[in-house]
Amino acid sequence: MDTDVSAKKLAHITEHKFAELEISSQTRRALAEVFKYELMTVVQAETLPLILKGDDCLAKAKTGTGKTL
């Protein structure tokens with residue numbers, strides 16, 4: 001893979017882990033085993049904790065940064 005493309009993809013990744021979220025064990029397992037997700041993107045790390053508390057959230061980010069999840 002082109003290293004420029006790899007660097008761009010990694011630029012959206014944080015050190016925040018899905019395993020650290022207060023989610024059900026089944027959801028945590030699906031994220032890890034089915035989707036192979038370990039680390040959150042910037043938009044996920046900034047919004048998921050708010051959403052999981054029940055707060056409304058509106059996020060704007062580039063395509064491919066993990067908003068749908």
Side-chain angles (χ1 to χ4, degrees):
M1 180 187 298
D2 185 346
T3 55
D4 289 336
V5 172
S6 294
K8 285 181 183 178
K9 285 185 178 182
L10 293 177
H12 298 296
I13 302 297
T14 69
E15 293 299 316
H16 298 279
K17 296 182 178 187
F18 286 102
E20 297 168 351
L21 293 173
E22 292 186 28
I23 54 179
S24 72
S25 60
Q26 294 92 343
T27 300
R28 190 175 291 115
R29 182 174 171 219
L31 287 168
E33 295 178 13
V34 177
F35 293 108
K36 308 292 186 211
Y37 292 164
E38 179 183 358
L39 300 173
M40 290 184 257
T41 66
V42 173
V43 71
Q44 292 164 343
E46 291 183 8
T47 58
L48 285 174
L50 298 171
I51 293 166
L52 291 170
K53 287 190 329 186
D55 293 339
D56 290 337
C57 181
L58 178 64
K60 179 179 178 182
K62 289 185 176 187
T63 300
T65 57
K67 294 181 302 293
T68 302
L69 179 70

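By convention here, the first residue in the shown sequence is residue 1.
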Student: Output every pair passing salt bridge (Lys or Arg N to Asp or Glu O under 4.0 Å) with a member in residues 60-69, not counting sequence neighbours, ordered by first then second residue.
Tutor: none
Student: Could you tabulate the donor-acceptor pairs under 3.5 Å formed by side-chain atoms of residues 31-52, not counting sequence neighbours?
Tutor:
from, atom 1, to, atom 2, distance (Å)
Glu33, OE1, Arg29, NE, 3.0
Glu33, OE2, Arg29, NE, 3.4
Lys36, NZ, Glu33, O, 2.9
Thr41, OG1, Gln44, N, 3.4
Thr41, OG1, Gln44, OE1, 3.3
Thr41, OG1, Thr65, O, 2.6
Gln44, OE1, Thr41, N, 2.8
Gln44, NE2, Gly66, O, 3.1
Thr47, OG1, Val43, O, 2.6

Student: Please list all pairs passing the side chain to side chain donor-acceptor pair (under 3.5 Å) test where one or both residues lie in residues 13-22, with sequence neighbours left out.
Tutor: none
